[in-house]
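Sequential numbering from 1 along the given sequence is applied to the chain's residues. Just so you know, these numbers come straight off a predicted model, no measurement behind them.
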Amino acid sequence: MTEEKTTPLRERMIEEMRIRGMSPKTQQAHIRAVKYFAEFIGRSPDTATPDELRAYQLHMADTGVSTGVFNARIVSLRFFFGMTCGHEEMKRYMKFRRKPKKLPVVLSVEEVGDC
């Protein structure tokens with residue numbers, strides 16, 4: 001990750017993650033996720049509205065972000081709003097996605113008979 005200017009908001013988030021003993025890679029992933037959200041709304045993420053959170057989630061769904069990445073970004077945003085900003089109420093506007101369940105392959109009677 002390239003060295004970027006550390007804003008007071010980013011520094012506070014880093015401090016909150018250090019307090020909780022998060023690994024450097026986890027810290028980088030959280031910071032990256034919040035950065036993507038900030039780029040999406042075009043300003044500081046601590047000023048986001050519930051509608052912008054919803055729009056971002058729709059954007060991720062529409063652009064084919066995998067379920068795992070989608071949920072990881074939501075975890076990061078929940079941490080950011082809850083721990084860094086103290087905006088616990090924003091968490092209720094963030095939804096996790098479920099992985100679609102795949103149906104098992106069922107063999108026909110003929111296929112079973114061939115074994």
Side-chain angles (χ1 to χ4, degrees):
M1 200 157 135
T2 59
E3 190 63 34
E4 296 184 36
K5 184 182 121 195
T6 304
T7 64
L9 184 62
R10 180 182 289 215
E11 188 59 41
R12 177 162 173 90
M13 185 174 177
I14 292 168
E15 289 169 356
E16 292 292 338
M17 291 186 288
R18 284 182 36 225
I19 288 169
R20 285 157 184 78
M22 292 183 184
S23 74
K25 283 191 175 193
T26 301
Q27 290 181 33
Q28 287 176 348
H30 281 333
I31 289 169
R32 190 177 315 111
V34 174
K35 179 183 169 191
Y36 291 152
F37 177 63
E39 288 172 354
F40 176 79
I41 64 172
R43 62 178 192 284
S44 181
D46 61 329
T47 63
T49 66
D51 286 339
E52 289 169 327
L53 275 173
R54 184 174 189 282
Y56 182 62
Q57 290 173 88
L58 285 170
H59 168 74
M60 287 193 295
D62 292 343
T63 57
V65 171
S66 72
T67 301
V69 171
F70 184 102
N71 289 341
R73 289 180 183 176
I74 293 300
V75 167
S76 298
L77 290 172
R78 287 173 60 90
F79 178 86
F80 173 74
F81 284 106
M83 299 296 145
T84 305
C85 300
H87 296 308
E88 289 285 330
E89 72 280 359
M90 292 295 275
K91 288 181 175 182
R92 70 180 213 217
Y93 300 104
M94 293 178 248
K95 305 295 180 208
F96 291 104
R97 290 179 72 187
R98 291 186 176 192
K99 278 191 173 180
K101 292 186 180 182
K102 295 181 182 178
L103 294 175
V105 176
V106 179
L107 300 176
S108 68
V109 174
E110 294 82 22
E111 291 172 320
V112 171
D114 290 340
C115 294

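One finds the NZ atom of K99 at 14.0 Å from the CZ atom of F70 (value rounded to the nearest 0.5 Å). Between the CD1 atom in I14 and the CD1 atom in I19 there is a gap of 12.0 Å [rounded to 0.5 Å]. Rounding to the nearest 0.5 angstrom, the gap separating the OH atom in Y36 from the CG atom in L77 is 12.5 Å. Atom CZ of R92 and atom CG of L53 lie 11.5 Å apart (nearest 0.5 Å).
R20 CZ: more than 12 foreign heavy atoms inside a 6.0 Å radius. With a 6.0 Å radius and a threshold of 12 heavy atoms from other residues, nucleotides or ligands, R98 has its CZ atom at or below the threshold.
A salt bridge (Lys or Arg N to Asp or Glu O under 4.0 Å) check over residues 56-72, counting only residues at least two apart or in different chains, returns nothing. For residues 79-113, the pairs satisfying ring pair (Phe, Tyr, Trp, His ring centres under 6.0 Å) are H30-F79, with sequence neighbours left out.
Residues T47 and S44 share a closest heavy-atom pair of OG1-O, 2.7 Å. Scanning both residues, F37 and E52, for their nearest heavy atoms gives CE1-O, 4.0 Å. Considering every non-hydrogen atom in both Q27 and R18, the closest pair reads NE2-CG, 3.8 Å. Across every non-hydrogen atom of V65 and R97, the tightest pair is O-NH1, 3.4 Å. The two residues V34 and S76 have their closest heavy-atom pair at CG2-O, 4.2 Å. Taking both residues in full, the closest heavy atoms of M90 and P50 are given as CE-N, 3.9 Å, listed atom of the first, atom of the second, then distance.
For the residue pair T26 and S23, a side-chain donor N or O sits within less than 3.5 Å of a side-chain acceptor on the partner. A donor-acceptor contact closer than 3.5 angstrom is absent between the side chains of T49 and D51.
In this structure K95 satisfies the side-chain hydrogen bond (donor to acceptor under 3.5 Å, both in side chains) test with no other residue, sequence neighbours excluded.
Test E11, M17, M13 against E15 for side-chain contact (heavy atoms from CB on, under 4.5 Å) and you get one pass: E11.
Remark: the backbone N or O of T84 is paired with a side-chain donor or acceptor of R12 at under 3.5 angstrom. Side-chain N or O atoms of S108 include one that pairs as donor or acceptor with a backbone N or O of E111 at under 3.5 Å.
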